[in-house]
Amino acid sequence: MITNIDELIKVGAVFGSEKNMRPVWFIWNRTRYDIKSVTYSWMSREGRAVTYNFSVTDGKTLYEICYNAETLSWKLTAVETE
Amino acid sequence: MDRIIMHADINAFFASVEQQCNPALKGKPVAVIGSRKRTVITTASYEARAQGVRTGMNKYEGKRFCPGLIFIVGNNRKYIDTSTRIISIFRDYTPEVDVFSIDEAFLDITGSLTLFKGAENIALSIKKRIKDSLGLTCSIGIAPNRLLAKLASGLEKPDGLVIIKQHEISGLMETMPVGKLCGIGGKIEACLKAIGIITCGDLGRYPVDLLKRRFGIVGEKLHNMGLGIDNSAVISQEKEEDVKSVGHSMTLSKDISDIKSIRRYLLQLSEMVGRRARRYGYSGRTVVLTVRYKDFTTFSKRSSIQKYINNSLDIYRISLGILGSLRLRQAVRLLGVGLTNLVRCSQMPLFIENEKYDKLVNSMDMINDRYGEFTVTYGALLSISKGSGVISPSWRPAGVRRVEVE
């Protein structure tokens, strides 16, 4: 079951040369989560702001995080829970 | 030169995207549903379909067929972005892409065959790119026309590639059930069965005059369909006719009779219609109100005025006028508001009051363009859910048919 979170987080990401980016780790509630794989990504808009959304997993749990290109901020949007 | 048409259909689109997002769902029966209370299954994975789960079933029906069914609340923005990326892949092979719905499109690849070394190579290349970049599979049909291309893509699912060549058409159609053709639904199929037509071969042989007498002008089209003939063109979005209407409808979270609540939904729908019309520079002078009762009886009533409008409040006032002329006999399940008789311009305001109001609307639009739909809106709408919750069948990746969703 997906639980919505919507909290600002710190993210380490690699911005590639071909307009792509890959989140590598994130810190939420003072815990660092290393991203084992990005399972899916998509773009969406809220007004003029473009957000880049990622489904990621640390090997145990599935998370949804997003990067707001307008505010240059990252959010944890949801967590998959049992 | 014979045309070569390709039809590509993403397999169990929404469910496949969700299985891709969450690898734990792969190989499991998954059904994608809406977020609202009275939702139905919008797509089921192949594992769920194998147990009888179908699109349109409610959650309880789905569970009855498949007790282990996993429900996932769909994310329309995810699907729209995915569809836009897939359509962009198609456009790398031909500019003639006719987006049929969010998960299927026709491509006229006649002019691209030499460049990409044949139709099969194009199909395999598209399938590989979609698989590599998104992890999704698609079924592709290739044939001399749209009707047969669509038929072909449906013959091998999932991940199929079927090519129908000109000389194979008559043999294939001879035994093909008429219900397999796009455009022949359950009702027509039953009518055809009543006159002894089961296969496309039967349909093609049936006298055209008798078909016309029974089905009217559709009779000749049915005859051609039976023979595998379809001369309709693949029309890319750039060549599509201008839209004839802008409309929104919504199934309410519960049936309502309370006129105050109905008015509030009408205001919301009018704002959605007005916003989209203004964004793409359309005005209209006919407003259509659609009502569906709780027993699914549905009707529309329209009202036309002299001047062309696209202000949400103008649309709302006219829809209220229509509502006032109705005597609602049951609780309302669905409401819709549409604007038709469109032109591509708006009327200059003649009076200062109108000018002031236009400036206000313009300012609201600018804020909502900048920060998102319903950031600034009417006070009456503050407590209800905003925006469109469903992807309509007429959705297109760009232009006025691109409806932004929640």
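Being a predicted model, the structure only gives us computed values, none of them experimental. Convention: sequence-line order gives letters A, B, ...; per-chain numbering from 1.
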What option among Thr375(B), Asp369(B), Asn368(B), Ile72(B) has the most heavy-atom pairs under 4.5 Å with chain A? Asp369(B)
Contact part of Ile367(B) toward chain A, heavy-atom cut-off under 4.5 Å: side chain, backbone, both or neither? neither
Starting at CZ of Arg45(A), measure out to CD of Glu373(B) and round the result to the nearest 0.5 Å. 12.5 Å
Residues of residues 17-27 of chain B contacting chain A, heavy-atom criterion under 4.5 Å, by residue number: Val17(B), Gln20(B), Cys21(B), Asn22(B), Pro23(B)
State whether the number of non-hydrogen atoms from other residues, nucleotides or ligands found under 6.0 Å of Tyr60(B) atom OH is greater than 12. no
Considering only heavy atoms, give the residues of residues 30-42 of chain A separated from chain B by less than 4.5 Å, sorted numerically, with 'none' for an empty result. Thr39(A), Tyr40(A), Ser41(A), Trp42(A)
CE/Met43(A) to CZ/Arg77(B) distance, rounded to the nearest 0.5 angstrom? 11.0 Å
Residues of residues 56-69 of chain A within contact distance of chain B, non-hydrogen under 4.5 Å: Leu62(A), Glu64(A)
Step through the shown structure and confirm whether more than 12 heavy atoms of other residues, nucleotides or ligands are within 6.0 Å of OH on Tyr371(B). no
Kindly write out the residues that satisfy salt bridge (charged side-chain N to carboxylate O under 4.0 Å, His left out) with Glu70(A), not counting sequence neighbours, or none if the list is empty. Arg370(B)
